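Presented below is the structure to which this report refers.
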Amino acid sequence: MIIAQDVEKWYDNNFHVLRGVSMTVTKGEVLVVMGPSGSGKSTFIRTFNALESYQKGKIFVDGILLSHDVKNIETIRQEVGMVFQQFNLFPHLSVLQNVMLAPIWVRRWPKARAEEVALQLLERVGILEQAKKFPGQLSGGQQQRVAIARALAMQPKIMLFDEPTSALDPEMVREVLDVMRSLADSGMTMVVVTHEVGFAREVADRVVLMADGLLVEEATPEVFFNSP
Ligand code: ADP
Ligand code: ADP
């Protein structure tokens with residue numbers, strides 16, 4: 001589903017944030033990306049839906065080469081859903097409206113169909129009772145589950161998670177990880193940047209470690225967490 005070949009990115013100040021990263025993610029696989037802050041994890045996964053550009057190498061997502069061609073960026077954004085650390089919900093829209101918005105505007109679904117699908121997704125993430133509320137009335141864990149439902153509403157083939165539980169109080173981490181776990185069990189292809197070792201151990205098919213803009217280790221969770 002994702003093939004990254006020798007991807008490099010640097011900023012104008014010559015800071016080389018990605019220094020030749022290669023990686024593949026196969027269909028249905030759950031890849032967890034770990035590593036210290038500033039090592040380039042977020043930048044790397046943001047290249048997969050063209051939120052970040054890169055200067056060298058190649059990235060293919062579902063067979064499509066990511067380039068500066070605007071047309072394929074739109075296609076890619078529909079295929080790759082993303083969940084951020086800071087939920088990024090629209091505060092002036094209800095929970096239900098947040099989830100319905102993209103299918104209506106991007107996929108041009110009729111309102112009734114978008115609403116039906118949105119309600120199903122809200123039920124799936126355990127938040128149906130909150131559908132009429134606004135994001136500010138929800139806990140962080142609930143907001144993040146809405147964000148997951150919103151991404152799923154576009155029926156993506158791949159889901160990216162960028163430290164989805166890092167902004168949450170400890171008691172809310174579990175409810176978000178449980179939703180992610182059930183998504184993984186349903187066969188979704190997922191790339192997850194997280195420091196949650198328990199999640200990585202139990203849910204990841206593969207764990208990669210980034211450091212200073214490079215992938216320095218790649219292993220199954222069993223090998224990764226038992227290595228010295
Ligand atoms: P991680 O997700 O592993 O914490 P990031 O991908 O966020 O790492 O790392 C980005 C690195 O690139 C950070 O060190 C950050 O300071 C640097 N960076 C981000 N944006 C810019 C920019 N516009 N110019 C220079 N450096 C940048
Ligand atoms: P995030 O919250 O995703 O980690 P950052 O804090 O890394 O984002 O970056 C926030 C903004 O600041 C981005 O637009 C990034 O490009 C810019 N930025 C981050 N680090 C640097 C840096 N060292 N030099 C210049 N711009 C930077």
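Just so you know, ligand 1 is whichever comes first in the structure, and atom 1 is the first atom listed for that ligand. Because the structure is a prediction, the values reported are computed rather than measured.
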Is it true that E8 and R19 have a side-chain N and a carboxylate O under 4.0 angstrom from each other? no
Please check if the side chain of Q144 supplies one atom and the backbone of F84 the other of a donor-acceptor pair under 3.5 Å. yes
For ligand 1 and Y11, I'd like to know whether there is a polar contact (N/O to N/O, distance under 3.5 Å). yes
If you draw a 6.0 Å radius around CG in D212, do more than 12 non-hydrogen atoms from other residues or ligands fall strictly inside? no
Per-atom filter on ligand 1: closer than 4.0 angstrom to a heavy atom of T43 are 5 (P), 6 (O), 9 (O), 10 (C)
At less than 4.0 angstrom from any non-hydrogen atom of P36, what atoms of ligand 1 do you find? 3 (O)
If the cut-off is 4.0 Å to any non-hydrogen atom of F15, which atoms of ligand 1 fall inside it? 11 (C), 12 (O), 14 (O), 17 (C), 26 (N)
At less than 4.0 angstrom from any non-hydrogen atom of S37, what atoms of ligand 1 do you find? 4 (O)
Student check: side-chain heavy atoms of M210 and V33 closer than 4.5 Å: yes
G38 versus ligand 1: do any nitrogen or oxygen atoms come within less than 3.5 Å of each other? yes
Measure from NZ or CZ of R150 to the centre of the six-membered ring of F90 and say whether it is under 6.0 Å with the direction within 45° of the ring axis. yes
Side chain, backbone, both or neither: the part of N13 lying under 4.0 Å from ligand 1 by heavy atom: side chain
With only distance considered, is S42 within less than 3.5 Å of ligand 1 through an N or O on each side? yes
When you check the gap from the basic side-chain N to the acidic O, do D185 and R181 get nearer than 4.0 Å? no
Taking distance alone, with N or O pairs closer than 3.5 Å, would you say V17 contacts ligand 1? no
Min heavy-atom dist G35 to ligand 1 below 4.0 Å: no
Do side-chain atoms of Q97 reach the backbone of S94 as a donor and acceptor pair under 3.5 angstrom? yes
